[in-house]
Structures are given as structure tokens and as C-alpha cells.
J.: 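Below is the structure I would like to discuss, written out as C-alpha cells.
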Amino acid sequence: MKPIATTRTVIGMSTGKLAVWWVIASEIVIFGGVLASYIMHRIGHPEWADQAAYTNTWAGAFNTLVLLTSSLSAVLAHQAAERKEGKKAARYLYLTCVGAAMFLVVKSIEWSTEIHHGFTLQSGGFWSFYYLAAGIHGVHVIAGAILMIWIAQYAKKNEELQRVEYIGLYWHFVDLVWIFLFPLLYIAK
Amino acid sequence: MSTNDNHAHPHPVEPILPPMHAQDPVPPHGDHGDGHGHGDHHAEHGGGDHGHDGHGPTSFWSKYVFSVDHKIIAMQYLFTGMLMALIGGFTVYVFRMQQAFPDAHIPGFGVVSPDQYNMLVTSHGTIMIFWVAMPVLIAAFGNFLIPLMIGCDDMVFPRLNRLSYQIFLLSAIILVASFFVKGGAFGGAWTSYPPLSAKGAYNTTSLGSSMWVVAVALEFVAFLMGGINFVTTAMNSRAPGMKLFDIPIVVWFIVIASIMFMASVGPLFAGAVMLLFDQQLGTAFFDPVRGGDPVLWQHLFWFFGHPEVYVVLLPAMGIVAEIMTTFSRKKLFGYKTVLFTAVATGIIGFFVWAHHQFIAGIDPRMASLFTVTTLIISVPIAEMMFVYIATLYGGSITLTVPMLWALSFVAEFLIGGVTGIFLGAAGADIYFHDTYFVLAHFHYTFFPIAIIGTFAALTYWFPKMFGRLMNETWGKIHFWITIICFNGIFIPLFLTGAAGDHRRIYNYKLFPEQMHPELQDLRVMATVFLVIMLATQVIFLYNFFSSMTRGKKADANPWKANTLEWVAPSPPPHGNFAEMPNVYRGPYEYGTPGRADDYYPQNIPPGAG
Amino acid sequence: MLERFLHAGSTYARDIDGLILLIFVITGFWFVLAEGIFFWLIFRFRKRDGVPTQYVTGEEKHQKRWIAYPHYLVLVCDVFILVAALRVWSNIKIETPPIDARIRIVAQQWAWSFVHPGKDGELDTDDDIRTVEELHVEVGKTYQFILESRDVLHSFSVPNFRLKQDAIPGREITGWFTPTETGTFDIQCAEICGVAHGLMAARIMVQTPEAYAKWVTQGGPTSLVAASNVKGPSAPAGAPKHDGEH
């Protein structure tokens with residue numbers, strides 16, 4: 001039973017969208033904190049570049065491509081939702097989740113290889129930040145995928161289609177964070 | 001309805017109505033998981049906004065424990081906060097007794113050991129800020145007041161609201177549980193600086209330290225979630241006709257506080273994860289031996305910690321504004337000025353954080369910069385205080401209990417404000433840092449915020465919350481004793497701090513310069529006043545709880561105030577208003593020329609009433 | 001003003017006290033003015049029968065002036081305080097005067113230890129005098145201290161000197177002071193450092209040149225005698241050892 005409060009949109013933006021932007025804003029500050037701390041440390045520790053050399057740039061690049069593509073499918077999902085094509089929107093959401101899964105699989109392979117070679121969370125400053133930043137990002141990928149599946153259950157019945165746009169916004173943000181992480185962790189060597 | 005109102009910002013006669021059917025398609029749906037038992041009648045409400053009386057939850061569990069009603073959630077936050085305040089009050093009773101009577105057996109506790117002393121001061125600070133001030137001022141009053149004051153029936157995301165409380169409750173449980181684990185509660189101060197906080201070998205409370213971090217991080221999550229509701233509801237769900245500058249100041253201030261909280265807590269949340277990893281996973285984010293930097297934590301902490309004080313200050317000042325206008329029957333002096341100074345303070349507040357770190361080993365030139373910004377921030381704050389004081393001019397002031405609290409907020413906060421200058425001036429801070437002078441300063445700000453502000457709000461909105469009036473006489477007795485004792489506690493502590501008493505020292509016996517009898521007299525004096533003050537709170541608690549069932553019944557608007565919460569019945573039912581109100585004017589139309597009454601509620605159409 | 005509580009025992013202690021007095025006077029003025037007007041308004045505009053309230057918006061220019069002028073005046077006062085504060089700060093923490101001698105101060109859980117230059121007058125040589133819990137200096141000489149920590153954050157605080165500086169493990173932080181009166185004064189730790197933070201007391205002995213010279217000739221450690229006069233642990237219990245501290 002939704003309150004009347006949910007039906008009002010005094011500022012002209014739907015409440016759900018406003019809420020998603022609020023969540024994104026708070027996440028920007030959280031990731032901003034992680035990244036700012038990392039950058040400050042990197043500047044103070046030029047020798048970290050020696051450790052950074054061991055990250056797998058190809059895996060990182062591939063994952064970047066995967067995430068960008070999944071953002072595309074999120075856009076397509078939104079477009080379908082706008083046209084009230086709920087089933088199609090749900091399918092595109094599932095496709096986005098496939099992208100998320102691929103991302104996570106590649107990351108697991110990356111990490112297990114690195115751990116096997118002795119680069120663990122405790123291996124020093126660079127690696128601590130590497131696993132922390134990518135780990136927090138990964139948690140958001142998983143959360144986003146779960147939300148997408150849940151939203152798709154409604155969308156395929158043409159219900160709550162506005163949520164497709166909201167999760168799309170969130171997903172673009174998760175993508176954007178990776179766009180920052182990739183050069184910081186994989187390219188800055 | 002074409003008459004003009006005689007006031008400074010005339011409204012169009014036809015209030016601007018928002019689209020009744022939002023861009024969100026709202027199909028009828030059947031998720032009744034929260035036990036409301038509603039039918040799918042939402043879409044049928046169509047043209048008129050009607051309340052939901054009679055459609056509320058019915059069982060004890062759905063009504064009081066798993067409720068999604070903002071008023072119940074507000075009460076949950078309020079009572080949890082009050083319970084935590086009892087714990088916070090107990091901790092300070094014990095350690096101040098230790099200060100007054102070192103190594104004595106403290107009644108109700110025993111002899112205080114040095115490590116217990118550290119745990120007590122740590123718990124006191126942590127609990128009072130995160131589990132008393134924030135839940136009561138922001139979550140309880142924000143939840144209770146916002147939908148009522150903007151004229152709608154609930155928050156926009158009621159289930160998210162409930163979830164935020166549940167996470168908050170979990171955080172409180174974890175914090176309290178940390179007292180009972182092996183090693184005991186964390187004792188490294190509420191600021192939790194590493195390396196002390198990062199390594200069990202240093203702090204001896206390995207498990208307690210991590211529970212502390214987890215509890216604080218969860219509290220942050222709860223308030224981030226709560227903020228979603230406050231901001232979206234206040235922005236989007238206002239009654240038809242309520243423009244931005246018709247929003248009551250307390251609602252504005254809670255919204256601005258939520259935004260400030262959200263913009264400042266992120267880096268500390270990241271830092272908390274880093275600290276937890278250092279504690280439990282052997283990382284070295286803050287370990288200088290292995291390439292980390294302990295000062296990084298300080299920056300992350302204070303980047304949040306300074307805006308945090310404004311996060312709690314603004315709701316309290318909002319509460320004071322509502323009360324001062326009601327009981328002086330006066331418009332708020334310069335509504336827009338008040339808003340502007342709050343926003344200015346909020347923004348500048350993000351650029352002063354390192355004044356907590358002047359001698360921490362930061363670049364001293366950076367410290368100079370932060371002295372400049374810190375002294376600048378005194379300007380908008382001073383302006384806010386001046387504007388509040390100016391509101392009294394030309395008024396007709398009655399000293400009811402809420403008004404006594406609201407006025408005392410101003411008088412006491414002024415002391416906190418001016419003593420901050422001594423600390424913001426870096427040269428002087430060299431001496432005052434880590435002394436009781438700092439402690440007295442921040443208690444002259446925090447006590448007005450968290451305690452005076454709370455009593456002001458509780459005594460003012462009690463009739464609305466519970467449909468009854470609190471006893472005025474006992475309220476006045478409680479007020480006077482509390483205020484006198486408050487000053488009796490902290491004025492001596494300004495003096496002992498100026499005399500060199502450092503913080504977090506459980507016994508000064510090893511410091512001959514601190515062992516002058518006069519200093520010990522001052523410490524005893526502070527403790528005696530504290531004990532009296534704590535005991536006096538029984539009066540309030542009795543008044544509060546007995547008035548809930550036996551107080552004189554209150555009607556909807558016992559204070560003859562203007563804002564929309566006084567339109568709803570006392571207490572408001574589920575859904576708040578029988579008919580959703582429209583708004584025709586600002587919230588502080590007191591003494592409007594041409595009216596018989598000295599007040600002009602926001603929802604009365606022009607020309608009527 | 002602080003002299004009433006605690007002597008000012010260093011050159012810059014007087015500067016700091018002067019700054020504090022300046023702030024006290026300026027903020028005191030504003031405080032008295034604001035509270036005075038506040039209480040007067042409460043009295044003057046108390047509710048009286050038949051007297052209606054005035055409709056004051058605070059948006060008109062002539063009304064805003066009452067706020068604007070004071071708030072510009074606050075700004076001016078702030079500038080005064082700022083200039084004074086920055087001068088004092090800069091003198092103590094940014095600039096360093098010519099140094100007569102250097103000392104090393106080591107903080108650890110939970111004791112202070114010190115390294116003084118020995119007969120050769122040079123620090124970090126073989127004849128350095130090491131003490132625990134007492135620091136010996138000569139009145140009137142300007143000392144540079146090199147502050148370090150072996151474990152967690154500590155803070156070297158000498159209230160009599162109005163001196164305070166945090167010690168960070170992994171770093172050497174320098175500062176300076178010039179004592180102006182002889183005597184024995186407290187050293188406190190000003191950053192919570194664990195269970196025995198309140199037991200980390202030490203003393204600074206400001207001596208005449210003769211007494212100091214005599215102490216140096218004796219090779220220093222009266223500390224074993226002095227330490228037994230100070231109640232509390234003279235060696236840290238269970239303090240973790242590090243290799244390669246700095």
C-alpha cells in the first residue's frame with residue numbers, strides 16, 4: 001500500500017529517480033574516499049609502481065569492455081521499458097547480468113592467479129588498495145546484478161517499469177567507477 | 001477567492017497543484033507483506049487526497065515492531081536513543097566519579113582500572129554522538145515531523161525507512177555487545193586513531209575494536225538510508241502550495257543535515273573498512289612500519305567529523321526556530337537569511353576539518369590555511385545566532401517549558417561558539433589541544449544540541465505525539481536544575497583545562513602541576529553537579545512517561561502554532577490527515593496585520609477563518 | 001591570565017598567553033553583548049496583556065542592517081585574531097630560530113625516554129646521555145627536539161612551556177623551545193596511547209648552566225635515582241619491539 005506521499009512530484013523529478021541519484025551521490029563520496037586515499041598513497045610511494053606492474057592489464061581491459069557493453073544493454077532495457085515492452089526490457093536486464101557474471105568470472109580468475117603468485121591482501125600497500133578498491137566495486141556489481149534480476153521479475157509483467165531506468169542509472173555509475181579504477185590499478189605502472 | 005493576504009511574499013490565490021498522478025505509473029498491486037491488509041484501492045483515490053484512517057495495521061507486531069508508519073519508526077528511534085543515553089550517562093557517571101575520587105570504589109561499578117577508564121570515555125563519546133544525538137534529533141524528529149509538517153501521509157519509502165531502523169538497532173546491539181566480549185570494549189577514544197586502534201597488540205581489545213568499527217559503519221549505513229527518505233519526501237511530497245520558502249526551518253535543516261552527512265561520511269566509511277581490514281586481515285593501510293599512514297585515518301575521520309557537528313547542530317537549531325517563533329508569536333527574522341547562513345556554514349564546514357589536527361604532524365602551513373577557514377566559519381554561525389536573537393524583537397514571549405529550553409539553547413550555545421575561537425586559532429590551540437578546555441568547549445555545543453535540543457523538542461511536540469500535555473511545573477523544575485547543573489559541570493572544566501588537565505587521564509597523581517588542591521576541588525565540583533543533574537533526569541522521565549497516559553488531554557493545536565503538524569489530530573492516526581491539507585502561506589505568519597488571531601496557520605485558505 | 005594557573009616557562013609561552021588574552025577580550029566582548037541583548041529582549045518583549053506582536057519580516061533593508069553591521073564587525077575581529085594567531089603559530093611551528101643544542105625524545109607505550117648530547121655537545125655521538133622519564137635542559141638555551149614514537153601515536157606536551165607536538169611512529173618530527181625559568185615541570189602525553197596513557201609521566205629539569213654542566217659531567221643518569229621517586233612503571237610493560245623503526 002503506497003502512501004500518497006509517493007504520488008507527489010513537486011520538484012518535477014520522480015521520487016524513485018531522486019532516490020537513485022541520492023544513492024549514487026553517497027556512493028561517489030565513498031568511492032571518492034577510497035580512491036583519494038589510494039592516490040595520495042601512490043604519490044607518496046613511487047615504488048608501488050613495481051608492484052602495479054604485476055596486474056593483468058589485458059584482463060582489466062577485457063573487463064572494461066564487458067562492463068561498457070553491459071551498460072549498453074542496460075540502456076536498451078530502459079528504452080524497451082519506455083516503450084512498455086516489459087518482456088524485452090527484462091531480457092536486456094538479464095543480458096546485463098550476464099555481463100556482470102562475466103566480469104566477476106574474469107576477476108575471480110585474475111585474483112586467484114595473483115594470490116597463487118603470492119600477491120595477497122597483506123602483500124603490501126599497493127595490493128591492499130588493489131583488493132580493497134576492486135573488492136568494494138565487485139560487491140556493488142553483485143548487488144546491482146541481484147537488484148536487476150529482482151526488477152526484471154516485475155518488468156516482465158510490465159509492472160514498475162520505471163525501476164528499469166533507475167537500476168540502469170545505478171549500473172552506469174558502477175561502470176563509471178570501474179572506468180576510474182582501471183587506469184588507477186592497471187595502467188598506472 | 002481573490003483577496004490578497006497582507007504579507008511579505010504573496011501567494012497566487014490558486015495554489016500550484018502538483019501532478020496528481022506522478023510520472024511513475026502506480027498500478028494496483030497486492031504486496032501486503034507488511035500486514036496492512038489493504039485492498040487495492042490506491043488507484044481509486046484519484047482526484048482527492050484522503051487519509052488512511054481505519055486502514056492501519058492491527059496486530060501488536062505489525063503496529064509497533066514491524067511498522068512502516070513514520071511515526072512509529074520515529075518512536076523506535078527515540079526510545080532506542082533514550083535507552084542508549086542511559087548507558088552513555090552511566091559511563092560518564094563512573095568516570096567522573098573516578099576523577100573526583102581517584103581509585104575509590106564507585107557505587108554501581110566498583111574500582112575503575114586504567115583500561116576500564118579508557119573504555120568508559122570511549123563508549124561515552126561514541127554512544128552520545130552516534131547513538132543518542134543522531135537518532136533522536138535526526139531520525140526520530142525527522143521521521144516524526146517531516147511528513148506531518150509538509151502535509152503528507154508518510155515517508156516516500158516506508159519499508160526502506162523500517163529497514164534503516166533495523167540496521168540502526170543492529171548497530172546499537174553490536175556496540176553494546178562489545179562491552180561483554182573477551183578483552184572488553186574498545187578503549188581508544190571515539191576518534192579511534194591508528195596504530196592504537198588497528199593492532200590488538202597495542203589496544204588489548206582486539207574483538208571489541210572490530211565490533212566498534214562494524215557498529216559505527218552500520219550506523220552510517222542506517223543514516224544514509226534514512227537520508228533517502230528525508231530528502232526525497234521533503235522535496236517531492238509537499239502539500240500543494242508549499243513552495244520551497246514555505247517549508248518550516250526544521251524540515252529544511254534536517255534535509256541540509258542529511259545532505260551534509262551523505263557528502264561527508266563516504267570517505268570515513270571507506271576508512272572504516274580499511275581499519276577493519278588492518279585489525280582483522282593484516283593489511284597495512286595505517287601501519288607506518290609497512291608503508292601505511294596513520295594520519296590518513298585522521299583526515300578521513302575529521303573530513304566527516306567536522307561536518308558531523310553541523311549535521312547534529314542544524315536539526316537542533318531548526319527545533320529552536322520552531323519553538324522560538326511559536327512562543328514569541330513572531331515571524332522568524334529573515335527566513336532566507338537563516339537558510340543562507342545554514343547553507344554557508346554547511347559548505348564552509350567541509351573546509352575546516354584539519355583544525356582537529358593542528359599539532360598532529362600535518363604540514364604547519366596547511367594548519368595556517370585551516371585557521372583561516374575555521375575563523376571564517378564563525379561569521380555565518382554568528383549571523384545565525386544574531387538572527388535568532390533578533391526574532392525576539394517585537395514579540396510577545398511566554399516562558400513555557402519548551403521556550404525555556406529553546407532560549408537556553410541560544411544562551412548556552414553562545415558559550416560553546418566563542419570558546420571555539422580559542423581552539424580555531426592555531427597558536428592558542430597548541431596549548432589547549434587535548435585539554436579539558438576542548439572538552440568543555442564541545443560540551444557547550446553538544447549539550448545544547450543533543451540534550452537541550454531534545455528536551456525542547458520533546459516538551460514541544462509531546463502533545464502532538466501522545467495527545468496529552470506534560471506537567472509544566474515539573475517541567476520547569478527539571479529545566480532549572482538541569483541548566484544550573486550543566487553550567488556547574490563545565491565551567492570548572494574550562495578552568496581545569498586551562499590549568500593543564502589533559503584528556504583521557506584516569507588519575508593525575510603522577511603530574512604534580514595538576515595536583516593542586518584547587519584543581520581537585522574543581523574536578524569534584526564538576527562531578528557533584530553531574531551526579532545531581534543525572535539524578536534530576538528522573539523527574540523528566542517520570543513526567544514524560546506518566547503524562548503519556550495520565551497527562552491532561554491535548555487538542556490538535558495547544559500552542560496555537562502555524563505549521564501543518566498542528567492540523568493533524570493529537571496523536572495523528574495512520575495516514576496523518578483526514579483530508580490532505582493545502583498550503584497558502586509561509587510557516588511563521590504570526591502577528592499578521594489585519595487578523596484577529598495572532599497566528600495564521602499555513603493551511604487556512606485566504607479569506608476564510 | 002593563564003599565569004594564574006600555570007607559569008609561562010618558555011619564550012613563546014608568553015606569546016601564546018598573549019594570544020589567548022586577546023581572544024578572551026574580543027570574544028568576551030561579543031559574548032557579553034550578545035547575551036546582554038538576548039536577555040534584555042526576553043525581558044522587554046515578555047507577553048503583556050493588550051500588547052500585540054510586531055510583524056517584522058527581517059527582509060527589509062533597515063531591518064537587515066541590524067544583522068549586517070554586527071556581522072561585518074565580527075569579520076573584522078576575526079581578522080585581528082587571525083593575524084595574531086598566525087604570527088604566533090608561524091613563529092613556533094614553521095620557523096626555527098638558531099639552535100644551541102639538540103635532543104631526541106622517544107615516546108613508547110608507556111614511557112618517555114630522552115637522548116641528550118654528552119660532553120662533546122653533539123647529539124647522536126657515543127657519549128650521548130640516555131635517560132628515562134627525565135629530560136635535562138639548560139635555561140635560556142634554544143633546543144631543537146627530534147620527536148619519535150616506537151609504536152602508536154603519542155604527544156609530547158609540556159604545559160609550562162605551552163608546548164605540544166604529536167609523535168607519529170615512522171617519522172621524526174622536529175620542534176624547538178627556549179626555557180626561561182629554572183625548575184622541574186611536568187611532561188604529559190597528549191594523545192591517548194593505550195591502557196597506561198595516564199601513567200606516561202615524565203619531568204623536564206630546567207637547570208642553571210652550572211647545574212647542567214655538573215649533570216653532564218656526571219654522565220647523566222641520576223635517572224635511576226629519580227625514576228624511583230616517580231611512582232609508576234619506569235620501563236614499559238610488554239611494549240612491542242620493532243626492528244627498523246624509522
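Chain A is the first sequence line, chain B the second, and so forth, proteins listed ahead of strands; every chain is numbered from 1.
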J.: Check whether B:Asp153 reaches the backbone of A:Ala5 with its side chain - one donor and one acceptor, N or O, closer than 3.5 Å.
T.: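 Confirmed, B:Asp153 side chain pairs with A:Ala5 backbone.
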J.: Do A:Val10 and B:Met235 have side chains that approach each other closer than 4.5 Å (heavy atoms only, starting at C-beta)?
T.: no
J.: Taking atom OH as the centre, does A:Tyr94 end up with more than 12 heavy-atom neighbours from other residues, nucleotides or ligands that are less than 6.0 angstrom away?
T.: yes
J.: Using a cut-off of under 4.5 Å for heavy-atom pairs, which of A:Phe129, A:Tyr131, A:Trp127 has the most such pairs with chain B?
T.: A:Phe129
J.: Should the heavy atoms of other residues, nucleotides or ligands under 6.0 Å from CZ of A:Phe62 be counted, would the total exceed 12?
T.: no
J.: Minimum heavy-atom separation for A:Ser128 to B:Ala284, with atom names?
T.: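 In terms of heavy atoms, the two residues are closest at OG-N, 4.1 Å.
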J.: Tell me the closest heavy-atom pair linking B:Leu296 and A:His41, and the distance in Å.
T.: CD2-CE1, 3.1 Å
J.: Any luck finding a side-chain donor-acceptor pair between B:Asn236 and A:Thr15 under 3.5 Å?
T.: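 A pair is found: one side chain offers a donor N or O, the other an acceptor, under 3.5 Å apart.
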J.: With rounding to the nearest 0.5 Å, note down the distance linking CG in A:Leu132 to CE in B:Met274.
T.: 6.0 Å
J.: Looking only at heavy atoms and a cut-off of under 4.5 Å, which of B:Ala263, B:Pro267, B:Ser258, B:Cys152 has the most pairs with chain A?
T.: B:Pro267
J.: When only pairs under 4.5 Å are counted, which of B:Leu160, B:Ile259, B:Leu268, B:Val265 shares the most heavy-atom pairs with chain A?
T.: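 If we count pairs closer than 4.5 Å to chain A, B:Ile259 comes out on top.
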J.: For residues B:Leu300 and A:Ser37, report the shortest heavy-atom separation together with the two atoms involved.
T.: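 Taking every non-hydrogen atom into account, CD2-OG, 3.7 Å.
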J.: For the pair A:His45 (side chain) and B:Gly291 (backbone), establish whether a donor and an acceptor sit closer than 3.5 Å, ignoring hydrogens and angles.
T.: yes
J.: Side chain from CB out, backbone as N, CA, C, O: work out which of these in B:Phe157 comes under 4.5 Å of a heavy atom of chain A, or both, or neither.
T.: side chain
J.: Kindly give the heavy-atom pair with the smallest separation between B:Met580 and A:Arg8, and that separation in Å.
T.: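 Heavy atoms only, the tightest pair is CB-NH2, 3.7 Å.
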J.: Over all heavy atoms of both residues, which pair between B:Val231 and A:Trp22 is shortest? Give the atoms and the distance, please.
T.: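 Closest pair (atom of B:Val231, atom of A:Trp22, distance): CG2-CZ3, 3.4 Å.
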J.: Hey, which of B:Leu244, B:Leu281, B:Asn229 has the most heavy atom pairs under 4.5 Å with chain A?
T.: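 With the most close heavy-atom pairs to chain A, the winner is B:Leu281.
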J.: Which pair of heavy atoms, one from A:Ala25 and one from B:Met262, lies closest together, and at what distance?
T.: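 Distance-wise, the nearest heavy atoms are CB-CE, 3.4 Å.
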J.: Quick one: CD1 on A:Ile136 to CZ on B:Phe269, what's the gap to the nearest 0.5 Å?
T.: 7.5 Å
